Protein chains: 2
Amino acid sequence: MQDFKYYAPTEVIFGREAESQLSTMIKKYGGSKVLIHYGGQSAERSGLLKQVRKSLTAAKIAYVELGGVVPNPRLSLVRKGIELCKAENVDFLLAVGGGSVIDSVKAIGYGLDYEGDVWDLFIGKGEAKTCRALGVVLTIPAAGSEMSEGCVITKEAEQEPVTPTDMKRSYDVDLCRPKFAIMNPERTISLPPYQTACGITDIMMHTMERYFSHDDDMLITDAVAEAILRTVRQCGPKLLIEPFDYQLRAQIMWAGSIAHNGLTGCGTTGDWATHNIEHELSALYNVAHGAGLAAVWPHWAEYVLNENPTRFAQFAVNVMGVASTFRSAKSTAQEGINAMRQFYHSIGMPTSIPELIGRKATENEMQLMADKCTIGKTSTIGNLKKLMYNDVLTIYQMANE
Amino acid sequence: MQDFKYYAPTEVIFGREAESQLSTMIKKYGGSKVLIHYGGQSAERSGLLKQVRKSLTAAKIAYVELGGVVPNPRLSLVRKGIELCKAENVDFLLAVGGGSVIDSVKAIGYGLDYEGDVWDLFIGKGEAKTCRALGVVLTIPAAGSEMSEGCVITKEAEQEPVTPTDMKRSYDVDLCRPKFAIMNPERTISLPPYQTACGITDIMMHTMERYFSHDDDMLITDAVAEAILRTVRQCGPKLLIEPFDYQLRAQIMWAGSIAHNGLTGCGTTGDWATHNIEHELSALYNVAHGAGLAAVWPHWAEYVLNENPTRFAQFAVNVMGVASTFRSAKSTAQEGINAMRQFYHSIGMPTSIPELIGRKATENEMQLMADKCTIGKTSTIGNLKKLMYNDVLTIYQMANE
């Protein structure tokens, strides 16, 4: 068991009436001039943006707007947001959307309070001391960014479209944890099935990354992690059949927050190799992060299984409902990985690179991704097994079959 | 499912090295002149107070001290603390102890920032707008006060010792949630078995109070609640056999926080009748709160069982490990209550008033407690079933057999 810190200060307002508290929350946390940050047209079409504007206007809170956040949110828009907020003296940032919008707003928040170039923070050349206060109106449960310290930004190559020289990097410190998150499950009912399934995958993976560890003696963290994973495994496929079910949407939405706010990692050393391996996939092929995770995880799991077979067996029995043979942890573990593959397929997720991108990756692409993943073969990823360049390349190759 | 708020901003530092962060945490949250508040001699004997003083001195943080907090912490000491802090210009409050010390410090925090008499807050005659910043070094896992908004204070009668005119009242608002909690399981290893068992009972009850509800459609909250309850049920008795086991102490200590920080009540309407019924027992007989809860709960459960038998059956199966007959929810439910009785006995807890206080309560005492519990027969307690004076009296009588 590792000593740990747990810090999840975000004030969550959850339920059908959640949005009614928006302006109260902004004022509570000192906002008088707000940036409303969002993605594409869906927030406009759904009427949510209109409702947010109305709520702020009624409360006499001034605001400016910046839309256009895309999945794998871009540094260029972050820079634009920083300039806009400086020019407009914005003192509070509001993300209306999912993980990409929240991460984009977090990066703007860092940039506003940081003297140098904000990208420095993501490549280890600088350290933030503060971050502008920010809040969230969540519309896509998946990333868990509404309660987390995570922030992932992609720096584009000089020419669009996305090229192999893009870099997707994270900067994870507590300063950017949202002050509040408004979470109304009704807002997620219109999410398309593929995006819902990507969310389910991402939510489970946030807990799985923390669960697969050599620190397997924090029983209460395990029990909570398994409870969340089991609930999502049970509710996820039902939700794809009954997408309008408020109760099921609520389970998934709340699971997304508590799977990634730190709770499921108390006392364990997280692994995070799957996330790192996936980040290069979504940066290179611009695929959905959740789908990329499903394409990677079974191969990562088979590659590292021998590091802690009983841990994978515990996952198989307690989460995936596999019957333990009590003879071979390894075979129980393998059954659990197979069950997870079946689960991914059952919700329409890929379990290989060809299923993910519609073709095989080239050897050259895989080498490039493995190289970037290990920062030019100079570092390792993961903790359950520390993966070097050759390990990562092998996992890409396994996923490419 | 109820709309809900979840807000647990306390920064938890957990593990063997936790105390090393104390002065950093106090400074982070703006403390320059600290009140060290504690209970009896055990904090001194264990060397903890010495370590706290040394840490503050090394960090050049000034402090004053006030000890003497007793179980069911008293208003008179709270008042003394308020006077002391005003005279000494204290800007940060530090509780070194368990729930009683933390609640006492919270009440001092309210009193420092409130213009009127602090007791007004506890009897509904006033409302706090702020509370002085406070932190915790936790030594007794039980009350969960280190992450909660709860604060329970007892106003003594004019003559000591405690008399039936004592009033034990709570004031539960977010303002008093501690800024940080230092939690080192090693500090709990010297706790005597009875106190350990009282803690186990209290920890489970904080989640059970939220679990027994008509809102039984928040599956993920149920799953997390059951996971915590199962873990405590499994680790608790082992801990009484192996009191020096760090790992077991860690499970119980962390369970104490997450069982009561709001997590296990997301989307449910808490009941809290057992707590209310117990508060009168501990105020009148000055018994340990945890033991009082064990003496009350089985009788409350049997009295209200018919309100939601499937909920009690789910508890029996998912928490207590009772085999479901799939025929009668009520008989499964009753088996669960019986199993809980056995569990209480197995850890040395009473399950009746005579076992708790060593004699039967008089009819007069029970009437007095039922009267105070319902504020002179004017209000109800509980939610699963709203209990009036006669209901509460009947539960005392059932517990008195």
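Keep in mind that what you see is a predicted model, and the values were worked out from it rather than measured. Naming convention: chains lettered A, B, ... in sequence-line order (proteins, then strands); numbering from 1 in each chain.
- Remark: A/Lys179 is not positioned above the aromatic ring of B/Tyr7, lacking an NZ or CZ atom under 6.0 angstrom from the ring centre and at most 45 degrees off the axis.
- You'll find the side chain of A/Gln247 reaches within 4.5 Å of the side chain of B/Leu219, heavy atoms only.
- A/Ile258 has its side chain within reach of B/Ile220: a pair of non-hydrogen atoms, C-beta onward, lies under 4.5 Å apart.
- Contact of the A/Trp254 side chain with the B/Cys266 side chain is registered, since non-hydrogen atoms from C-beta on lie closer than 4.5 Å.
- You'll find the side chain of B/Val12 stays beyond 4.5 Å of the side chain of A/Lys5, heavy atoms only.
- You'll find the side chain of B/Met147 reaches within 4.5 Å of the side chain of A/Tyr6, heavy atoms only.
- Looking only at side-chain heavy atoms (C-beta outward), A/Met1 and B/Tyr246 come within less than 4.5 Å of each other.
- Contacts of B/Arg177 with chain A are absent, with no heavy-atom separation under 4.5 Å from either backbone or side chain.
- By number of non-hydrogen pairs under 4.5 angstrom with chain A, the leading residue of B/Asp222, B/Ile13, B/Asp217 is B/Asp217.
- B/Ala227 approaches A/Ala227 most closely through the heavy-atom pair CB-CB, 3.9 Å.
- Interface remark: A/Phe180 contributes no atoms to any contact with chain B (heavy atom separation under 4.5 Å).
- Neither the backbone nor the side chain of A/Leu248 comes within contact range of chain B; no heavy atoms are under 4.5 Å apart.
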message: Would B/Leu263 and A/Leu263 count as a side chain to side chain contact (heavy atoms under 4.5 Å, CB included) here? Give the steps.
response: CA-CA 10 Å; B/Leu263 181 70; A/Leu263 181 70; 3.6 Å; yes

